[in-house]
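Written below as structure tokens is the structure these notes are about.
Every number for a ligand or one of its atoms is a count from 1 in the order of the listing. When a residue number appears, it is its place in the shown sequence, counting from 1.
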Amino acid sequence: MSATPEAGVDLRGSNTLRLPCIAEWCADVQDAADIPRLLAFARERGLRVRVLGGGSNVLLPESLPGLLLRMRNTGIELLEDSASRRVLRAAAGEPWHPFVLHCHAQGWHGLENLALIPGTVGAAPIQNIGAYGVELDRFVLEVRGIDLQSGSPRVLGAAECAFSYRDSIFKGALAGGFLVTEVLFVLPRPVVPCTGYAALAAELAQCPEPGPAEVLAAVMAIRRRRLPDPALLPNAGSFFKNPVVTAEVFGQLLRAEPGIVHWLQADGRVKLAAAWLVERCGWKGHRERGVGVHDAQALVLVNHGGGTVAALTDLAARIRQSVRERFGVLLELEPVPF
Ligand code: EPU
């Protein structure tokens, strides 16, 4: 598809849940220079503009009105290579995992814990992707893009992005109003491998001094074991965020459930493993109406074939209800409903 919008585009292949969805209008952005023309196209017709990266963290409706821009711009550049840090620029449309592999192969280390996360570079700061003890925000220098209201370019420094656990200003005040065109990353030197996450530490137990290559291999091995490959079993990664509760609530939960999986937070609160709560409510491996709960990771909802957004959101609602009834904890959705 070119940068000229096409009408009635089937998005089943553009979302990793493979949910059926028809976009009223859709264009692929290969070059950020085409964006002003595409925004003018939408303005002339009164169309709302939405932006899609790899489609790996979205819940698409069956019919999507407006103009959808699929980010496909590419390019990775090393801007600074000093003793204390490397600075890289990557285009929003670069697929995330190949970007991590490319950086690793060039010796630009630091992103290895974030290997195999689906999606694109441009989507990564939106939900502040994270895995195995590392969240993206520690590497973000700037997010560059276009304000969809004014059509003007805008640069946000890391502090302005308001990053927190799976959240940022792009899901808050700027939700639906900002198009990411490129991200600047800073990789501090020397690289200190981050191996404290329990599952990663266990995977590296036989490796006395793991370096970036060992961390990369270990993260990829764990993910391949635990998380379904969306190309084989459509999914959007974790469907719920890990909830954070007060120390007081946690104390009560611990008395009732001594085995509850949790992580103490710096502010005294406690993050709970949503997967454990969901599994404890008996949902792991559950199937209905073409959708289900993955049998190796209870936080991942999957489309076994023929699933719809309605079947998926209905299943998610009943999972949330049962977790709330049993534990008094409210689970928040992780994928973004469009
Ligand atoms: N667990 C269960 N049942 C399960 C799976 C896990 O009880 O079916 C328990 C285990 O005790 C395990 C703990 O939950 O030790 C944590 O599981 P895991 O390490 O798989 O991590 P998670 O908390 O379920 C989060 C992220 C993942 C990320 C992993 C690894 C969220 C919402 N999810 O999952 O991110 O890959 O940590 O760091 O924070 C995503 O965001 O889409 C995603 C996959």
Side-chain angles (χ1 to χ4, degrees), residues 15-17 53-59 96-97 100 111-120 123-138 163-168 171 194-204 215-216 218-230 233-245 253-254 257-265 270-286 292-302 312 316 319-320 322-323 326-327 329-336:
N15 73 105
T16 61
L17 272 165
S56 56
N57 201 48
V58 291
L59 279 178
W96 177 260
H97 176 64
V100 171
L111 299 175
E112 287 76 9
N113 294 56
L114 304 177
L116 274 185
I117 296 183
T120 57
I126 297 194
Q127 62 147 341
N128 188 18
I129 59 171
Y132 306 103
V134 172
E135 280 174 356
L136 184 79
D137 58 281
R138 69 163 77 174
F163 289 121
S164 62
Y165 167 61
R166 292 299 189 280
D167 204 8
S168 73
K171 286 175 81 176
C194 185
T195 56
Y197 192 87
L200 184 55
E203 190 75 18
L204 289 166
V215 172
L216 179 71
V219 166
M220 290 176 64
I222 304 169
R223 289 191 78 98
R224 289 201 163 116
R225 266 201 315 271
R226 297 298 296 269
L227 294 163
D229 177 351
L233 183 55
N235 72 86
S238 299
F239 212 85
F240 305 102
K241 289 192 200 182
N242 285 332
V244 179
V245 299
L253 285 168
L254 191 62
E257 295 278 357
I260 192 165
V261 179
H262 64 280
W263 301 272
L264 300 177
Q265 303 296 284
V270 183
K271 189 186 270 186
L272 306 176
W276 188 89
L277 302 174
V278 174
E279 179 172 346
R280 213 64 186 131
C281 289
W283 291 103
K284 198 168 183 172
H286 173 87
V293 179
H294 188 47
D295 51 18
Q297 212 324 344
L299 214 44
V300 179
L301 302 194
V302 298
L312 211 54
I319 292 173
R320 293 178 82 204
S322 66
V323 168
R326 175 153 181 185
F327 299 106
V329 174
L330 198 60
L331 295 182
E332 263 180 61
L333 285 203
E334 223 237 77
V336 180

Discussion item. If we only consider heavy atoms of Arg223, is any one of them less than 4.0 Å away from an atom in ligand 1?
Written reply: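 A heavy atom of Arg223 does come that close to ligand 1.
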Worksheet item: Does ligand 1 have any atom sitting under 4.0 Å from a heavy atom of Arg166?
Response: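 True for this residue.
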Could you list which atoms of ligand 1 come closer than 4.0 Å to a heavy atom of [X]?
X      : value
Ala273 : 13 (C), 14 (O)
Trp276 : 2 (C), 7 (O)
Ala131 : 36 (O), 38 (O)
Gly237 : 42 (O)
Leu299 : 24 (O)

What part of [X], side chain from CB on, backbone N/CA/C/O, both or neither, has a heavy atom under 4.0 Å from ligand 1?
X      : value
Phe240 : backbone
Trp263 : side chain
Glu279 : side chain
Gln127 : neither

Checking the side chain of [X] only, and the main-chain atoms of [Y] only, is there a donor and an acceptor separated by less than 3.5 Å?
X      : Y      : answer
Lys171 : Arg166 : yes
Asn57  : Gly119 : no
Asn242 : Ala274 : yes

Is the shortest N/O to N/O distance between [X] and ligand 1 below 3.5 Å?
X      : result
Ala298 : yes
Asn242 : yes
Tyr132 : yes

What residue and heavy atom of the protein are closest to [atom], and at what distance?
atom                    : result
atom 12 (C) of ligand 1 : Val261 CG1, 4.6 Å
atom 21 (O) of ligand 1 : Tyr197 OH, 3.1 Å
atom 1 (N) of ligand 1  : Ala275 CB, 3.8 Å
atom 31 (C) of ligand 1 : Tyr165 OH, 3.3 Å

Quick one: pull up [atom1] in [X] and [atom2] in [Y] and give me the separation to the nearest 0.5 Å.
X      : Y      : atom1 : atom2 : result
His97  : Arg223 : NE2   : CZ    : 9.5 Å
Ile319 : Trp283 : CD1   : CH2   : 5.5 Å
Glu135 : Tyr165 : CD    : OH    : 8.0 Å
Glu203 : Tyr132 : CD    : OH    : 9.5 Å
Leu301 : Phe239 : CG    : CZ    : 5.0 Å
Leu333 : Leu59  : CG    : CG    : 7.0 Å

Worksheet item: Of all residues at least two apart in sequence or in a different chain, which pass the side chain to side chain contact (heavy atoms under 4.5 Å, CB included) check with Ala123?
Response: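 Here the qualifying residues are Thr120.
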Discussion item. Could you work out, with side chain to side chain contact (heavy atoms under 4.5 Å, CB included) as the rule, every residue matching Lys284, not counting sequence neighbours?
Written reply: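 Partners of Lys284 under the side chain to side chain contact (heavy atoms under 4.5 Å, CB included) test: Glu279, Ala298.
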From the candidates [options], the one that places a heavy atom nearest [atom]:
atom                    : options                        : answer
atom 24 (O) of ligand 1 : Lys284, Gln297, Arg280, Glu332 : Gln297
atom 5 (C) of ligand 1  : Glu334, Glu135, Arg226, Arg225 : Arg226
atom 33 (N) of ligand 1 : Gly285, Ser238, Ala274         : Ser238

Worksheet item: With respect to Pro243, which candidate in Leu330, Leu277, Val323, Val270 satisfies the side chain to side chain contact (heavy atoms under 4.5 Å, CB included) definition?
Response: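 That would be Leu277.
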Fill in: Within 6.0 Å of CD in Glu332, more than 12 heavy atoms from elsewhere
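Counting other residues, nucleotides and ligands, CD of Glu332 stays at 12 neighbours or fewer.
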Discussion item. Less than 4.0 Å from atom 10 (C) of ligand 1, is there any heavy atom belonging to the protein?
Written reply: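 So atom 10 (C) of ligand 1 lacks protein heavy-atom neighbours under 4.0 Å.
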